[in-house]
Amino acid sequence: MFSDTHFHFHYLVENNSQEFGTEILEQMAKNRIYFGLDIGTKCSDLAERAQILENCLEEIPDVNLQSKLKKSIFFSSGIWPDPDSIKERESCLEELRDSIEEFKESSSCFSSHLAAIGEGGIDHHWNPSGPDGRNESDFDKEMFFGEKELFEMQLELAKELDLPFIVHSRDGFEDTVDVLRAANYNRGIIHCFSYGLSEAKTFLDLGWYLAFGGATTYTKKAKMDELIELLQYVPKDRILLETDSPYLAPVPMRGSENNPLLIKYTYEFISEKIGLSVDKLNKIVDDNCSELFKLKK
Ligand SMILES: [Zn+2]
């Protein structure tokens, strides 16, 4: 239960401590987490992220909880569209490829748990002081082209490796869809879905799953009817939930650091809006994770 298809675990450890990471993992195992996906953003961060998680996991005293986590936690690897990665996209993609190959051959307890490529995609939200440091002045025609090309190159890699893709798409619906159509690979998740109903229909028709995060719980009263219509429109076999930890903690924890345990608030919020019990929504999301990631359990 309480699957979480998107978190950045190593930031929780970096922002706090290894003990904090261990505590979070232990609680996730006690809550019987079914599936958790640790998300990559840099071309060569996979091995290090897995190592940080494994270090925390090994500190959990109960070996049954450890083995539960070893079966439930998976990793993605991909390149977030920051300006440097866009400029160096050819070499970045080579590095991504190499780091994936190395990881699969490594002695990590997660070496067989690379489950997706991403997060990658299109971001036209300009916030130079935000964690992503994106600034419109860094983007000219060549950079817009490069961003799309970096996204398409990663979709090609996902296709080649037969893995789902984690799409990051913010304020860039049209460019995102252009690339998806060009690559003709439509398998995976539109993460932290932040568009409206007509955009949802386009992604769903192409074959994507939509993942809703903590920001869904911030919806203003005036927009609530629209959100409910959207949530009710999404077919039950295409809905997923995520935290994007450490970002975007759901209400009532909005403003604090997010972590995968807080996902229960998003489950509570969405299950109420679509008129299902939390248990039923848990089961639906777990089943969708099994289907999308071909989990053998
Ligand atoms: Zn993310």
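Values reported hereafter were calculated over all heavy atoms of this structure, with side chains retained and with hydrogens, waters and symmetry mates removed. In each ligand, atom 1 is the first atom listed, and ligand 1 is the first ligand listed. Values in this document were obtained by computation on a predicted structure and should not be read as measured data.
Between D244 atom OD1 and E119 atom OE2, the angle centred on the Zn ion (ligand 1) amounts to 180° (nearest 10°).
The Zn ion (ligand 1) does not have H191 among its coordinating residues (no N/O/S atom, backbone or side chain, under 2.8 Å).
Remark: the S245 side chain and the N259 side chain contain no N/O donor-acceptor pair separated by less than 3.5 Å. Defined by atom type and a distance below 3.5 Å, a donor-acceptor pair is missing between the side-chain atoms of Q66 and D62.
Of the listed residues (E147, E174, E136), just one forms a side chain to side chain donor-acceptor pair (under 3.5 Å) with H124, and that residue is E147.
With values rounded to the nearest 0.5 angstrom, D175 atom CG is found 11.5 Å from D123 atom CG.
Atom NE2 is the N/O/S atom of H6 found closest to the Zn ion (ligand 1).
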